[in-house]
Amino acid sequence: MKIQLKDNSILHYDEAIRVGQLAQDISPGLGRAALGAVVNDEIKDLRYMIVDDAEVRIITFKDDLGKRVFWHSASHLLAQAVKRLYPEVKLAIGPAINNGFYYDFDKDEPFSHDDLLDIEGEMKKIVQEKLDIEYFELARKDAIQLMSSQGEDYKLELINDLPEDSVISFYKQGEFVDLCAGPHINNTKELKAFKLQSVAGAYWRGDEKNKMLTRIYGIAFPKQKELKEHLEHIEEAKKRDHRKLGKELDLFTIFDEGPGFPVFFNKGIILKDLLINYWKQVHKKHNYVEVSTPIIMNRSLWETSGHWDYYKENMYTTVIDDEDFAIKPMNCPGGMLAYKNKKHSYKDLPIRMAELGLVHRHEMKGALHGLMRVRSFTQDDAHIFMRREQVKDEIIGVMELIEEVYQKFDFKYHLELSTRPEKRIGDEGDWDLAEAALKEAMEEKDVDYVLNEGDGAFYGPKIDYHLEDSLGRTWQCGTIQLDFQLPIRFDLDYVDSDNSLKRPIMLHRVVYGSIERFLGILIEHFGGAFPSWLAPVQVKILPVSSAFNKYAETLVEELEGSDIRVEADYRDERIGYKIREAGLMKIPYLMIVGEKEENKGTVSLRKHGETKNYELSIKDFLETEINNMYRRL
RNA sequence: GCUCCUAUAGCUCAGCUGGCAGAGCGCUUCACUCGUAAUGAAGAGGCCAGCGGUUCGAAUCCGCUUAGGAGCUCCA
């Protein structure tokens with residue numbers, strides 16, 4: 001007997017029986033429950049069946065939901081093993097995440113590396129025991145009794161927070177029972193390949209006022225081969241780490257003498273300058289004007305802006321002539337002064353006032369991360385002052401600018417919209433207007449976004465652009481934030497057509513976010529092998545022996561005359577050695593020159609990542625390669 | 001800031017249960033004048049992150065500090 005499902009998948013007899021049986025057990029109140037993992041003979045792929053109300057769907061490990069189900073079950077496997085080895089440990093929560101799963105435990109002594117190996121061993125045993133993973137429900141009273149009998153205080157807290165009428169569901173495998181909404185795979189035997197990766201601290205319910213629990217992270221796959229590939233992929237990704245490449249490629253470093261304060265070397269500065277030049281070009285095109293405001297300003301400015309009261313622990317302060325001063329953590333107050341410097345007409349708006357501003361913030365030391373999170377960075381800021389009816393178009397304009405820049409670098413990114421938080425200022429009408437403007441802008445641009453309800457700044461809602469690093473961690477770079485607070489605090493105005501004074505609406509926005517963070521992303525994105533327009537050294541000339549150094553010098557001059565960033569390696573080293581070294585520095589173009597080339601007035605061109613050689617003249621090189629390169633600009 | 005882990009030559013790392021500080025790369029010098037990813041030889045280079053403790057004796061064990069890493073929290 002076979003059953004045909006909605007998506008035309010075929011189930012075999014015993015699987016179908018199981019579907020029928022389990023479907024009966026599912027309570028109507030349950031959103032969905034996993035019915036089990038089966039191996040489809042034809043597709044040879046691990047599959048699960050999910051009942052979504054009445055609809056039966058089949059998902060596989062390839063689906064995002066399939067992965068989450070699988071990893072969630074792996075987290076239960078982890079918890080079961082931990083409870084067997086350490087019965088005194090209390091369980092907190094154990095969800096699937098984007099790349100694996102974790103489980104939070106409350107344990108007096110932290111887990112050591114060896115403990116992880118023991119736990120993995122116990123997990124393997126449980127897999128071999130082939131325990132069915134069973135679903136059941138309890139009335140609130142019984143659920144509380146069960147969890148308190150097991151001393152699971154955290155689970156009790158979770159149950160108590162569930163709404164009165166909600167179904168309280170559990171999953172059971174062997175002796176192990178866990179409060180859980182599911183779904184899960186149906187038997188521990190499917191969890192064939194897993195690895196516990198790390199131990200970390202994490203606050204209970206993500207609140208730093210709560211107790212810090214011990215979190216174990218892990219990853220699991222249906223097949224050993226997939227696990228191996230995944231772990232290899234991580235190792236490869238680590239080679240692209242911008243901190244490692246920053247050192248290897250001589251771009252930047254961070255000395256112990258200045259934690260969080262990066263030091264850029266010449267090649268890093270070239271990259272920064274290229275980013276800045278491109279930025280200026282794009283902003284000019286989009287009709288921005290540029291200003292520059294001081295790094296240090298007095299206390300009264302920061303009191304007006306509110307930073308002195310609300311942001312003080314992140315600010316570096318000093319005393320000059322007995323007066324308090326602060327080093328700016330943000331550029332906006334300076335921008336407000338620049339706007340206020342003269343009266344504005346409604347005809348002047350929108351004013352798009354850009355500033356590459358160096359800001360300093362006293363970030364917590366544990367938050368620092370290479371160039372991604374530093375204490376001193378350059379924001380590619382701009383403040384747009386506009387009339388009410390210009391808001392949506394200005395937002396769209398900024399979105400288009402950000403897209404233009406990110407596309408140039410082929411970046412993968414996603415958008416997040418954060419709306420009004422509980423603690424906020426300003427009247428509801430302004431919030432309505434602002435949120436509507438952001439939403440409309442995104443709808444008009446037809447972009448997907450993640451909605452973070454209640455996650456906006458206290459002064460206004462925002463759109464954030466998140467970019468991925470080599471390990472898939474995302475970093476907020478671009479942001480568009482509406483702000484009602486500062487125009488009021490600084491009493492900004494413009495003269496409207498009826499000669500009345502009106503308050504402009506302001507938005508803050510950054511495209512790169514910070515030059516430093518963006519550069520970090522950029523380094524990891526290209527793995528240090530920058531496209532030729534960005535490479536700090538574009539061409540390296542390698543004479544085969546010192547007899548050809550003279551010829552190399554003439555080539556250097558010729559290329560420099562065409563504004564190519566060029567170096568030559570005049571050392572008495574073998575050509576193979578020079579090529580290897582230049583290759584490790586990921587220089588896009590190597591020009592090898594010896595007797596043959598000198599006689600013909602050519603070079604032997606070798607492109608990064610290729611072993612082929614092209615013999616051509618500098619003139620041809622400039623006309624083909626370099627023209628191509630700048631055509632992409 | 002919190003939890004766990006880490007710190008040995010410029011870089012990457014070895015150094016077992018405490019007993020004279022090691023390698024490769026890089027650097028310097030010499031020889032080779034070289035044809036597409038490492039020429040050979042010699043040499044210099046270390047208060048084993050810092051401070052304290054245990055010990056006859058500490059790179060090694062313990063504590064504190066500093067810095068780094070994985071997360072959490074917070075943020076561009």
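Computed from a prediction, not measured in an experiment: that's the story for all the values here. Protein chains get the first letters and strands the later ones, always in sequence-line order, with residue 1 at the start of each.
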Whether [X] contacts [N] is assessed here as follows: a side-chain N or O lying under 4.0 Å from the phosphate OP1 or OP2. Is that the case?
X	N	result
His362(A)	C74(B)	no
Gln476(A)	A76(B)	yes
Arg215(A)	A70(B)	no
Arg473(A)	G69(B)	no
Arg361(A)	C75(B)	no
Tyr577(A)	G26(B)	yes
Gln197(A)	G71(B)	no

For [X], which contact category applies under a 4.0 Å heavy-atom criterion: base, sugar-phosphate, or nothing?
X	answer
Val510(A)	nothing
Tyr512(A)	nothing
Val359(A)	nothing
Tyr203(A)	base
Gly366(A)	base
His369(A)	sugar-phosphate
Glu257(A)	nothing
Ile575(A)	sugar-phosphate
Thr214(A)	nothing
Gly478(A)	nothing

Please give me the minimum heavy-atom distance between Ile254(A) and Gly258(A), naming the atom from each residue.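 Heavy-atom minimum between the residues: CG2-O, 3.6 Å.
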
Taking all non-hydrogen atoms of both residues into account, name the closest pair between Ile521(A) and Trp475(A) and its distance.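 Where Ile521(A) meets Trp475(A) most closely, the heavy atoms are CD1-CD1, 3.9 Å.
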
Among [options], the nucleotide that comes nearest once only the side chain of [X] is considered:
X	options	result
Asp572(A)	A70(B), A67(B), U33(B)	U33(B)
Arg243(A)	G69(B), A67(B), G35(B)	G69(B)
Arg580(A)	G35(B), A37(B), U3(B)	A37(B)
Arg574(A)	C34(B), G71(B), G35(B)	C34(B)
Ile579(A)	C72(B), A67(B), U36(B)	U36(B)
Glu573(A)	U36(B), G68(B), U39(B)	U39(B)
Met364(A)	U73(B), G35(B), C4(B)	U73(B)

With no hydrogens and no angle check, do the side chains of Thr293(A) and Lys328(A) hold a donor and an acceptor under 3.5 Å apart?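 Yes, a side-chain donor-acceptor pair sits under 3.5 Å.
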
Just the rounded figure in Å: distance from C1' of C5(B) to NE2 of His113(A).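 Taking atom C1' of C5(B) as the reference, NE2 of His113(A) is at 11 Å.
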
Can you measure Asp464(A) atom CG to A76(B) atom P for me and round it to whole angstrom units?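 Roughly 7 Å, once rounded to whole Å.
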
Could you check which nucleotide pairs with A42(B) in any of the strands shown, counting Watson-Crick or G-U wobble with both distances under 3.5 Å?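 Across any shown strand, A42(B) pairs with U28(B).
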
Complement of C64(B), any strand, by Watson-Crick or G-U distances under 3.5 angstrom: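 Pair assignment: C64(B) / G50(B).
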
Pi stacking test for Phe377(A) and A76(B): under 5.5 Å apart, planes under 30°: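 Here Phe377(A) meets both the 5.5 Å and the 30° conditions.
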
Between [X] and [Y], ring centroids under 6.0 Å:
X	Y	answer
Tyr103(A)	Phe101(A)	no
His508(A)	Tyr459(A)	yes
His230(A)	Phe221(A)	yes
Phe409(A)	His525(A)	no
Tyr86(A)	Phe111(A)	yes

When you measure only distances, ignoring hydrogens and angles, does the side chain of [X] come within 3.5 Å of the base of [N] through a donor and an acceptor?
X	N	answer
Arg373(A)	C74(B)	yes
Asn613(A)	U36(B)	yes
Ser514(A)	A76(B)	yes
Ser604(A)	U36(B)	yes
Arg375(A)	A76(B)	no
Glu363(A)	G1(B)	no
Thr611(A)	U36(B)	no

Give me the distance, rounded to whole Å, that separates [N] from [M] when you measure between the [atom1] atoms they each carry.
N	M	atom1	answer
G10(B)	U3(B)	P	33 Å
U29(B)	G45(B)	P	16 Å
A37(B)	A76(B)	C1'	39 Å
C48(B)	G22(B)	P	14 Å
C27(B)	C11(B)	C1'	11 Å

Residue met sooner reading RNA chain B from 5', once Tyr465(A) and Ala367(A) are mapped to nucleotides: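 Result: Ala367(A).
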
Please tell me which of Leu368(A) and Cys477(A) maps to the more 5' nucleotide of RNA chain B, matching each residue to the nucleotide holding its nearest heavy atom.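 With Leu368(A) and Cys477(A) compared, the 5'-side residue is Leu368(A).
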
Could you go through nucleotides 6-16 of chain B and list every protein N or O atom that sits under 3.5 Å from one of its N or O atoms, giving the distance for each pair?
none

Does Gly454(A) offer a backbone N or O that forms a donor-acceptor pair with the side chain of Arg420(A) under 3.5 Å?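 Checking the backbone N and O of Gly454(A) against the side chain of Arg420(A), no donor-acceptor pair under 3.5 Å is found.
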
If I take atom CG from residue Asn613(A) and atom NZ from residue Lys607(A), how far apart are they, to the nearest 0.5 angstrom?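 Reported to 0.5 Å precision, the distance equals 11.5 Å.
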
When you look at Tyr449(A) and His414(A), which way does the ring pair (Phe, Tyr, Trp, His ring centres under 6.0 Å) test go after all the steps? CA-CA 7 Å; Tyr449(A) 60 91; His414(A) 76 266; over 10 Å; no

